[in-house]
Asks: 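Here it is, the structure in full.
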Protein chains: 2
Amino acid sequence: MDTTQRTGQQRSADLRRRELLEAADRVVLRDGPHASMNAIAAEAGITKPILYRHFGDKGGLYAALAVRHTDALLASLRAALDAPAERRQRVESTLDTYLAAIEARPQVYRFLMHPADGAAAPGDQTEQGFDVGKHSAPLLRRMGEELAQVIEERLDVGPGTQQLARVWGHGIVGMMHAAGDWWLGERPCTRAELVSTLADLLWGRLAAAGDKAGGPGF
Amino acid sequence: MDTTQRTGQQRSADLRRRELLEAADRVVLRDGPHASMNAIAAEAGITKPILYRHFGDKGGLYAALAVRHTDALLASLRAALDAPAERRQRVESTLDTYLAAIEARPQVYRFLMHPADGAAAPGDQTEQGFDVGKHSAPLLRRMGEELAQVIEERLDVGPGTQQLARVWGHGIVGMMHAAGDWWLGERPCTRAELVSTLADLLWGRLAAAGDKAGGPGF
DNA sequence: ACCTGCATGTTACTTACGGTAACCCCGAGT
DNA sequence: ACTCGGGGTTACCGTAAGTAACATGCAGGT
C-alpha cells in the first residue's frame, strides 16, 4: 500500500475512534462509570466487537476517555499554576480552578477518580500480592507529579528539594482532592471559602493556632 | 418464642456471622477485592445463598468487612491523636500510625480504599445524576470527620472554627492518604522521612520557603 | 410418637456483562 | 469476473451476582 492510501486509512480510523470516544463519553456521562460496552456500542450505532477492535478491552476504552479529560484539566491547572502572581494568589487560583472543574462537571470528575477496575484478569496474580499501592486514579498521580515538578523548579528549600517536592506535590493534591470530594457532596460552604481555608492550612495556620482553653491542647 | 430461646438464636446467628466474616476476610486478603461470592462461600464451607441471607448482597458483606477494619484503624488513630504530647509530636505520631498500618497490611488498605462498586443497581438512577461526590471510601470520610472533631475540640482559631475544622480534617486526611498511597507504591524514602516532610508541610514550610533564583517565584 | 415451625443448607436456575469466533457484505484493484 | 481486506453483524462462551424452590435437622406443643 502506498503512503497516500495508508494515510487515508489512518485518518479514517482515527476519525472513527474519535466518534466512538464521543459516544462513549455521552453514555458514561449519562449512566456513570458502570456503563456497559453494549450500551456504548448502541449509542455509537454499532455493536460490541468494533469497540474491542479499536480499544482492546474496556480498560483501554476507559483509559482513552480518561486521558482526554485528564489532559484538559491538567492544562487548566498548569495555566493557573504558571500565572504571574504572588505565591498565595497562585495557590488559591489553582485550588479554585480544580474545584470549579469538579463542580461544573461532577460526572466527569466521578469518572476520572474511578480506578479502571478492569486490570485483574482471573489467575493473573503474581505471588499473593495484587496491585498494592496503586489505588489512586491516574489523574491524582499525574496531578501530584505535575505539582511536584513545579515545586521543585520554583521553590528553594535547601537540600533534599527533589524528594520533598514530590511528597508535597502528592500531599497537596490529596488534600485538594479529599476536601473537594467532601465539599462536593455536602456543600457546606462556598467555593471561595473552601479555597481560602485550604490555603490557610497550607500557610501554617494549624501550627500557629493556640490551644483551646481547658484541654491538654492539640 | 420466649426470651431465652430468642437470645440463643440471636447469639448463634451472630457467631455464624462472625465466622463468615472471618472467612470472607481471609479470601479478600488473599484474592483481592475481586473475590467472588462463590469463593468466599467455599472458604466458609458453605454456599452462596447463606451469604446472601446474612448480608443481603455483596455490598453488604463488603460494608460489614470494611466496618471491622475501619473501626480497628480508627481506634489506633484516636490513641495517637489523644496521647499526651506536643502538637507537632502528636501530628507526626498520628501520621506514622496511619502509614505503619497501611505498610503492614497493604491488602487491607487496598480493600478499604475501594468503593463498594456494588451500589448502582440497574435502573436505580434517580434523575440523570448518579452518586456524585461520594467517590471517597467510607474510611476516608470517617477519618476526616474524626479529625475534624478533634481539631474543633482542641484548637482555638477564633470564629468559624467548626467549618474550618471540617475542611482541615478532610484536607489533612486526604493529604495523608494520597501521600501514603504514592509512597506505598514507590517507596522513595523511609516512613520517618515521609512523616517529617508532611508535618513540615502542615507547619507552613511551603509558605516560608524562598523563591528559587532565576524564576518568577512560586 | 407425631406433627408443626423455623433456621440452615443445598441444587439449579436466571440475568447481565466482558470478551471472542465465525461469518457477511461491499467496494477497490487486477 | 474474482479475490481481498476492512467494517460490520450474529451467536456464542465463561463468569459472577442474585434468586427460587426444595431438602434437612432440631426445638416444642398435642
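The shown structure was predicted, so the numbers you read here are calculated from the model rather than taken from an experiment. Labels below follow one simple rule: chain letters A, B, ... track the order of the sequence lines, proteins then strands, and each chain is numbered from 1.
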Asks: Does B:S93 reach the main-chain N or O of B:Q89 with its side chain, forming a donor-acceptor pair under 3.5 Å?
Replies: no
Asks: What residues form a salt bridge (charged side-chain N to carboxylate O under 4.0 Å, His left out) with B:R187, not counting sequence neighbours?
Replies: B:E103
Asks: So for the helix from C:dA1-D:dT30 to C:dT30-D:dA1, with five pairs setting each end axis, what is the inter-axis angle to 10°?
Replies: 30°
Asks: Cation-pi check for A:W183 against A:R191: NZ or CZ below 6.0 Å from the six-membered ring centre and within 45 degrees of the axis, yes or no?
Replies: no
Asks: Write down the protein N/O and nucleotide N/O pairs, taken from nucleotides 9-11 of chain C, whose separation is under 3.5 Å; answer none if there are no such pairs.
Replies:
from, atom 1, to, atom 2, distance (Å)
C:dG9, OP2, B:R16, NE, 3.4
C:dG9, N7, B:R53, NH2, 2.4
C:dG9, O6, B:R53, NH2, 3.3
C:dT10, OP2, B:T47, N, 2.9
C:dT10, OP2, B:T47, OG1, 2.5

Asks: Using atom OH of B:Y52 as one end and atom P of D:dG18 as the other, report the distance to the nearest whole Å.
Replies: 4 Å
Asks: Partners of A:A39 by side-chain contact (heavy atoms from CB on, under 4.5 Å), sequence neighbours excluded?
Replies: A:V27, A:S36
Asks: Going by ring-ring contact (aromatic ring centres under 6.0 Å, His included), name the residues that satisfy it together with B:W168, two or more places apart in sequence or in a different chain.
Replies: none
Asks: Starting at atom CG of B:D57, determine the distance to atom P of D:dA16, rounded to an integer number of angstrom.
Replies: 17 Å
Asks: Could you list the residues that satisfy ring-ring contact (aromatic ring centres under 6.0 Å, His included) with A:W182, not counting sequence neighbours?
Replies: B:H170
Asks: Ignoring hydrogens and geometry, is there a side-chain-to-backbone donor-acceptor pair from A:Q107 to A:V28 under 3.5 Å?
Replies: no
Asks: Can we say B:E146 and B:R141 salt-bridge, meaning some charged N sits less than 4.0 Å from an Asp/Glu carboxylate O?
Replies: no
